[in-house]
Chemist: 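One structure, pasted below without further comment.
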Amino acid sequence: MANLDKDRAVSLLNRILEAELAGVIRYTHYSLLVFGHNRIPIVSWMREQAAESLTHAQQAGEMITLLGEYPSLTIGPLLDSYQHDVEAIMRESLESEAKALALYRELLKCAEGHSVVIEEYARQMVYAEELHASEVDKMLRKPGKVAAFRPVEHLPGNRI
Ligand SMILES: [Fe+2]
């Protein structure tokens, strides 16, 4: 771990922690604003996302203390667009998830070849967040349309 830029890794981990905590609040807030016929599955999906964001925040915090540093007590930026139809919520969610994914990619680049534990963690999170973004993308497609709402190569920091 000698060559790891620890300050940079901790700063990225703190931004990840803050972004994931913002996700907990964002998904909980959205889940309170879903009305209509499909309310029940959408509310439960959003609450699952809130719980997953909390797990991700806790994992990022554990990585910070693993490095012997102090975890942030701040929450990332929260936007309220006051648009509460499900499609607008999904689009906003895809944007926020893309920002978190870009932070995980930066962390992966920072740790690659320098710290197996941080590298492995970041790689797993890029995988998990990319699958998650693709799930939201599929939810944004119109029934019968296969093409991605937002093609993978357009995700920030993607090396494809
Ligand atoms: Fe996450």
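By convention here, the first residue in the shown sequence is residue 1. Both ligands and their constituent atoms are indexed starting at 1 by order of listing.
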Chemist: Going through the checks in order, is the side-chain hydrogen bond (donor to acceptor under 3.5 Å, both in side chains) test met by Tyr30 and Gln49?
Modeler: CA-CA 11 Å; Tyr30 289 155; Gln49 302 317 304; over 6 Å; no

Chemist: Hey, which protein N/O/S atoms does the Fe ion (ligand 1) have under 2.8 Å?
Modeler: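 The answer is Glu20 OE1, Glu20 OE2, His56 ND1, Glu129 OE2.
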
Chemist: Calculate, to the nearest 0.5 Å, the distance between atoms OH and CD belonging to Tyr121 and Glu62 respectively.
Modeler: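 Taking OH in Tyr121 and CD in Glu62, the distance rounds to 10.5 Å.
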
Chemist: Hey, does the side chain of Glu119 reach the backbone of Gly113 with a donor-acceptor pair shorter than 3.5 angstrom?
Modeler: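 Confirmed, Glu119 side chain pairs with Gly113 backbone.
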
Chemist: Kindly give the cluster partners of Tyr70, where membership spreads through any ILVMFWY side chain lying under 4.5 Å from a current member.
Modeler: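 Listed partners: none, Tyr70 stands alone.
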
Chemist: Applying the side chain to side chain donor-acceptor pair (under 3.5 Å) test to Tyr27, which of Ser53, Ser93, Ser96 qualifies?
Modeler: Ser93

Chemist: Is a salt bridge present between Lys6 and Glu69, judged by a nitrogen-to-oxygen distance below 4.0 Å?
Modeler: yes

